[in-house]
Amino acid sequence: MKKILLIIFVAISFPLNANDQANEGKVAKYVMENIQKEYLNCYSFYKVAAVSFKKAGKDKNIIDNLESSADVSLKYTYDLGEIMGFNPEVMSQITKDNVNNFVELAKKDFSSLAKKYGLLCKNLVENPEQRTNFWEEKGKIKFK
């Protein structure tokens, strides 16, 4: 999260030529949008996984960890959304819709959902700087 805010600060603070400054702003926005989207997907994944594991009678410690990761993901989803100027009511509806989408995906094939999001979300929650760097590099290529 600090890295994301730092990117925004750097993009706004340093006087660059107009093209470089525009590209830096585009990269910063691109990073924030993608990280925010990943946090939203991870929140949805963790919530669905926690409910699925509860229903399956899995260890309470695993469920608690999933719910804790969901809480972290939701906090950053909203923090980033606020920075980007999203309306809280709209964000709430988007979050509900996303969770419902993940519920449907899990009903069809939870294993594929877990493969797609399990490691990505673990890395995002434990090391957000790595994902920020990933999106920053993609953004630099996209906005050359």
Novice: Y76 vs Y39 aromatic rings, parallel, tilted or perpendicular, using cut-offs 30° and 60°?
Specialist: tilted

Novice: Taking atom CG of N65 and atom CG of D59, what is their separation to the nearest 0.5 Å?
Specialist: 9.0 Å

Novice: Linking I/L/V/M/F/W/Y whenever any side-chain heavy atoms sit under 4.5 Å apart, do L66 and V72 land together?
Specialist: yes

Novice: Excluding sequence neighbours, so at least two apart, what forms side-chain contact (heavy atoms from CB on, under 4.5 Å) with K54?
Specialist: I63, E67

Novice: Considering all heavy atoms of both residues, which atom of N123 and which atom of Q130 are nearest to each other, and what is their separation?
Specialist: CB-OE1, 4.0 Å

Novice: Can you get from L74 to L40 by hopping between Ile, Leu, Val, Met, Phe, Trp and Tyr side chains that sit under 4.5 Å apart?
Specialist: no

Novice: Which side chain to side chain donor-acceptor pair (under 3.5 Å) pairs, counting each pair once, include a residue from residues 42-52, with sequence neighbours left out?
Specialist: S44-N98

Novice: K29: what forms a side-chain contact (heavy atoms from CB on, under 4.5 Å) with it, not counting sequence neighbours?
Specialist: E33

Novice: According to disulfide (SG to SG under 2.5 Å), does anything in residues 30-144 pair up with another residue at least two apart or in another chain? List the pairs.
Specialist: C42-C121

Novice: Would you mind reporting whether V103 and K107 have side-chain heavy atoms less than 4.5 Å apart?
Specialist: yes

Novice: Ignoring hydrogens, what is the shortest heavy-atom contact between V125 and P128? Give both atom names and the distance.
Specialist: O-CD, 3.9 Å

Novice: Under the criterion side chain to side chain contact (heavy atoms under 4.5 Å, CB included), I'd like the reasoning laid out for Q36 against F86: C-alpha separation, chi angles, the key distance, then a yes or no.
Specialist: CA-CA 11 Å; Q36 196 264 351; F86 293 166; 4.0 Å; yes

Novice: Can you list the steps and then say if V27 with E136 is a side chain to side chain contact (heavy atoms under 4.5 Å, CB included)?
Specialist: CA-CA 6 Å; V27 170; E136 186 176 11; 4.2 Å; yes

Novice: Can you name the residues that form a side chain to side chain donor-acceptor pair (under 3.5 Å) with S112, not counting sequence neighbours?
Specialist: D109

Novice: Under 6.0 Å between ring centres: does that hold for F45 and F102?
Specialist: no

Novice: Using only atom types and a distance under 3.5 Å, with no angle test, would you say the side chain of N34 pairs donor to acceptor with the backbone of W135?
Specialist: no

Novice: To the nearest 0.5 Å, tell me how far I141 CD1 sits from Y30 OH.
Specialist: 9.0 Å

Novice: Mind listing the closest non-hydrogen atom pair of A106 and L113 along with its distance?
Specialist: CB-CD2, 3.9 Å

Novice: Salt-bridged, D71 to K75, with N to O below 4.0 Å?
Specialist: no

Novice: To the nearest 0.5 Å, how far apart are OG1 in T95 and CG in N100?
Specialist: 11.0 Å

Novice: Closest heavy-atom contact between T77 and M91?
Specialist: O-CE, 3.3 Å

Novice: Applying side chain to side chain contact (heavy atoms under 4.5 Å, CB included), run through E24 and F143 and close with a yes or a no.
Specialist: CA-CA 8 Å; E24 286 294 320; F143 299 107; over 6 Å; no

Novice: Applying side-chain hydrogen bond (donor to acceptor under 3.5 Å, both in side chains) to E137 and N133, what does each step give before you reach the verdict?
Specialist: CA-CA 6 Å; E137 291 304 313; N133 291 339; over 6 Å; no

Novice: Looking only at heavy atoms, what is the nearest atom pair of I35 and L124, with distance?
Specialist: CD1-CD1, 4.4 Å

Novice: Taking only residues two or more places apart in sequence or in another chain, which ones pass side chain to side chain donor-acceptor pair (under 3.5 Å) with K122?
Specialist: E126

Novice: Side-chain contact test, heavy atoms from C-beta onward, threshold under 4.5 Å: evaluate it for L120 versus E38 and give yes or no.
Specialist: yes

Novice: Out of curiosity, does V51 fall in the hydrophobic cluster containing I62 (side-chain heavy atoms, cut-off under 4.5 Å, transitive links)?
Specialist: no

